[in-house]
Number of protein chains: 2
Amino acid sequence: MKQIALYGKGGIGKSTTSANLSAALAESGLDILQIGCDPKHDSTRMLMHGSRIPTVLDLIREQGDKNLTVDDVVHQGFSGVRCVEAGGPEPGIGCAGRGIIATFQLLERLSALDGDVIVYDVLGDVVCGGFAMPMREGYAQEVYLVTSGELMSIYAANNIAKAITRLSKRVRSNCRLGGVICNAKNIEGERELVAEFAKRINSSLIAYIPRDRVVQLAEVHKQTVLEYAPDSEQAAVYRRLADELARNTRTSIPTPLDDDELDAFALES
Amino acid sequence: MKQIALYGKGGIGKSTTSANLSAALAESGLDILQIGCDPKHDSTRMLMHGSRIPTVLDLIREQGDKNLTVDDVVHQGFSGVRCVEAGGPEPGIGCAGRGIIATFQLLERLSALDGDVIVYDVLGDVVCGGFAMPMREGYAQEVYLVTSGELMSIYAANNIAKAITRLSKRVRSNCRLGGVICNAKNIEGERELVAEFAKRINSSLIAYIPRDRVVQLAEVHKQTVLEYAPDSEQAAVYRRLADELARNTRTSIPTPLDDDELDAFALES
Ligand SMILES: Nc1ncnc2c1ncn2[C@@H]1O[C@H](COP(=O)(O)OP(=O)(O)O)[C@@H](O)[C@H]1O
Ligand SMILES: Nc1ncnc2c1ncn2[C@@H]1O[C@H](COP(=O)(O)OP(=O)(O)O)[C@@H](O)[C@H]1O
Ligand code: SF4
Ligand SMILES: [Mg+2]
Ligand SMILES: [Mg+2]
């Protein structure tokens, strides 16, 4: 079983990339489980044709975790991808990371963390103990940083790399950096910039995903690109990504940039 | 004493707006304290001519909080603005909100939370108990949402509004929504879009800040726009903002959008 996590800044394209990745992996015959770990709980929406499945945290609040079964928590989506949403607390109270911790504990108890590939879609704006849990507890073995050429998303990616470096030293965690995915914002020189950043942190640019309007069109139809436009160039991009990640065995412990190096990097670009 | 907090998505322009706001308030003769509550700890950099002042969390780690004095924590910047940075833990461990909680406790103990206006610059990507602390404990009395016309930043602003609505009911907290600030990204129809969003959540667009290259030029010189280009149109915008916030007495309890309303709002724009 391969456990892949996509981490990145809010709005960078983690869920779009994860859902299309999962759909492409499932199309090739693999048994896929996707777990959304963003309080926004919309990671699996396009796999579920627009519906928001109940989150684990909401289910626990309503029914208590003792009574929950796999069918309450795991929902079947497009191409047979199994979907879970961790959810988060009401804004302003509690720990947003708690939804993630509660979800993993429940899925372990229900022996539902299985399949050929598990794809974790995790918010990377705040890399605190809550959101780093999948890395710390040995679930997310290969972490992929989703970024664009925008400085703020590179800053977030660098922060996640710092967490990987620190957590990779822990006994229970075997998290490593699998690579950097550039989800383009059509900035001049973006591909080279992100490739250079990946190299500086001891990794590599594993995929460049163009910004394409077909993503919005698929969204309006509440589908992944794989379902809405299976013959499109963008669908082919996601299939190549799936191939690349399924076969990838090269991982590394990152060498993140410090504040001054990041400032210098920003000025170069 | 007026206690103002600027909340918004990472990279939306909270620190740029806060630092220029503080500088403009100080220029008009007020005694200003600015507290950065983002683990990125760069809120007060342009007020401090590019230097990163030591964070409260780092100081506590190195010296213990019993030995710290006001001079260790509070640094004098441009135009006499007093600057503090909360800081955050190493990525991957601990609670990013802890830096904020520790900072307020220390400043209370040192009786350093004073002045005519205190400006809190708070990360709003994850509105958990940690980052909502300034609102929950009655420090941030007037919250201003910094957003652009981009959907993700409106989503973050709406989440913060949810937290205000919930926390405003608590006895200790008297937090209210002071208004919405549009820090433009030059998107078509952005001003109307953000004004409409502000109206829908029972508030109003209190300022529209153009995207202007003079901000980047000032940054290269490690200064606020107020210092680098005091006669520029952009400096005048920040002075108008300062006037507006200093005089504002209209606050409200927001009526945030739910998931479906936000989806519908996104499709309209
Ligand atoms: N490659 C792409 N091309 C065009 N639009 C994209 C692409 N990737 C993402 N988007 C758009 O960006 C928005 C945010 O992406 P999303 O996957 O929800 O981000 P995240 O999960 O990181 O918060 C989506 O609504 C989608 O319309
Ligand atoms: N009004 C503006 N015009 C031009 N650039 C801006 C403006 N506001 C912010 N910026 C740019 O956006 C970047 C991010 O802003 P910052 O204030 O650091 O965001 P935040 O504090 O919300 O993370 C800054 O480096 C600055 O160059
Ligand atoms: S651990 Fe993270 S999510 Fe939880 S309260 Fe702290 S900062 Fe917020
Ligand atoms: Mg997402
Ligand atoms: Mg900032």
Side-chain angles (χ1 to χ4, degrees), chain A residues 9-13 38-42 45 50 52 88-99 123-133 135-136 150-156 158-170 173 175 219-220 222 256 259-260 262-263 266-267, chain B residues 9-13 38-42 45 50 52 88-99 123-133 135-136 150-156 158-170 173 175 219-220 222 256 259-260 262-263 266-267:
Chain A
K9 191 171 169 53
I12 195 65
D38 182 332
K40 196 162 183 266
H41 62 94
D42 64 350
R45 256 187 105 194
R52 288 175 191 269
E90 270 289 300
I93 54 170
C95 169
R98 226 184 65 64
L123 184 65
D125 283 312
V126 175
V127 197
C128 55
F131 290 96
M133 186 268 190
M135 295 191 281
R136 193 177 55 249
E150 295 167 315
L151 187 62
M152 280 311 291
S153 68
I154 288 184
Y155 168 82
N158 192 60
N159 247 2
I160 300 156
K162 280 185 187 171
I164 297 169
T165 307
R166 189 187 181 101
L167 295 175
S168 61
K169 301 191 181 98
R170 292 202 170 184
S173 160
C175 83
E219 256 172 20
V220 170
K222 306 219 185 300
D259 286 332
D260 293 330
L262 205 59
D263 282 342
L267 285 178
Chain B
K9 191 173 167 51
I12 195 63
D38 182 332
K40 195 163 185 272
H41 60 94
D42 64 349
R45 257 187 103 192
R52 288 176 190 267
E90 272 287 301
I93 54 172
C95 170
R98 224 183 67 64
L123 183 66
D125 284 309
V126 175
V127 197
C128 55
F131 290 97
M133 187 268 191
M135 295 191 283
R136 194 178 54 248
E150 295 167 313
L151 186 63
M152 279 311 292
S153 68
I154 288 184
Y155 169 79
N158 191 62
N159 246 4
I160 299 156
K162 280 184 187 171
I164 298 170
T165 306
R166 190 187 181 103
L167 295 174
S168 61
K169 297 188 186 106
R170 294 204 171 183
S173 159
C175 83
E219 259 173 15
V220 169
K222 307 218 187 299
D259 286 329
D260 293 330
L262 205 59
D263 282 343
L267 284 178

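Chain letters run A, B, ... following the sequence lines, proteins first and then strands; every chain starts at 1.
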| field | Crowding at CZ, B/R98 (>12 non-hydrogen neighbours, <6.0 Å) | value |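 Counting other residues, nucleotides and ligands, CZ of B/R98 stays at 12 neighbours or fewer.
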| Within-4.5 Å side-chain heavy-atom neighbours: B/R170 and A/I93 | yes
| said: Quick one, B/I12 and A/M152 - any side-chain contact, counting heavy atoms below 4.5 Å? | reply: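 With C-beta onward as the side chain, the pair stays apart.
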Shortest non-hydrogen contact between [X] and [Y], atoms and distance:
X: B/A132; Y: A/G92; result: CB-O, 3.5 Å
X: A/N159; Y: B/P91; result: O-CB, 3.4 Å
X: B/C128; Y: A/A96; result: CB-N, 3.8 Å

| query | Are any side-chain N or O atoms of A/K9 and backbone N or O atoms of B/G10, one a donor and one an acceptor, separated by less than 3.5 Å? | reply | yes
| said: Restricting to side chain to side chain contact (heavy atoms under 4.5 Å, CB included), what partner residues turn up for A/D38, sequence neighbours left out? | reply: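 Listed in chain order: A/K40, A/L123.
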| query | Where on B/R52 is there a heavy atom nearer than 4.5 Å to chain A: the side chain, the backbone, both, or neither? | reply | side chain
| message | Let's go through B/K162 and A/E90 carefully: what are the C-alpha distance in whole Å and the side-chain angles of both, what is the deciding distance for salt bridge (Lys or Arg N to Asp or Glu O under 4.0 Å) to 0.1 Å, and is it a yes or a no? | response | CA-CA 8 Å; B/K162 280 184 187 171; A/E90 270 289 300; over 6 Å; no
| request: Please round to the nearest 0.5 Å and tell me the distance separating atom CZ of A/F131 and atom CG of B/D125. | output: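 That separation rounds to 9.5 Å.
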| After noting the C-alpha distance and the side-chain angles of A/D263 and B/R45, does the key distance pass the side-chain contact (heavy atoms from CB on, under 4.5 Å) rule? | CA-CA 12 Å; A/D263 282 342; B/R45 257 187 103 192; 3.1 Å; yes
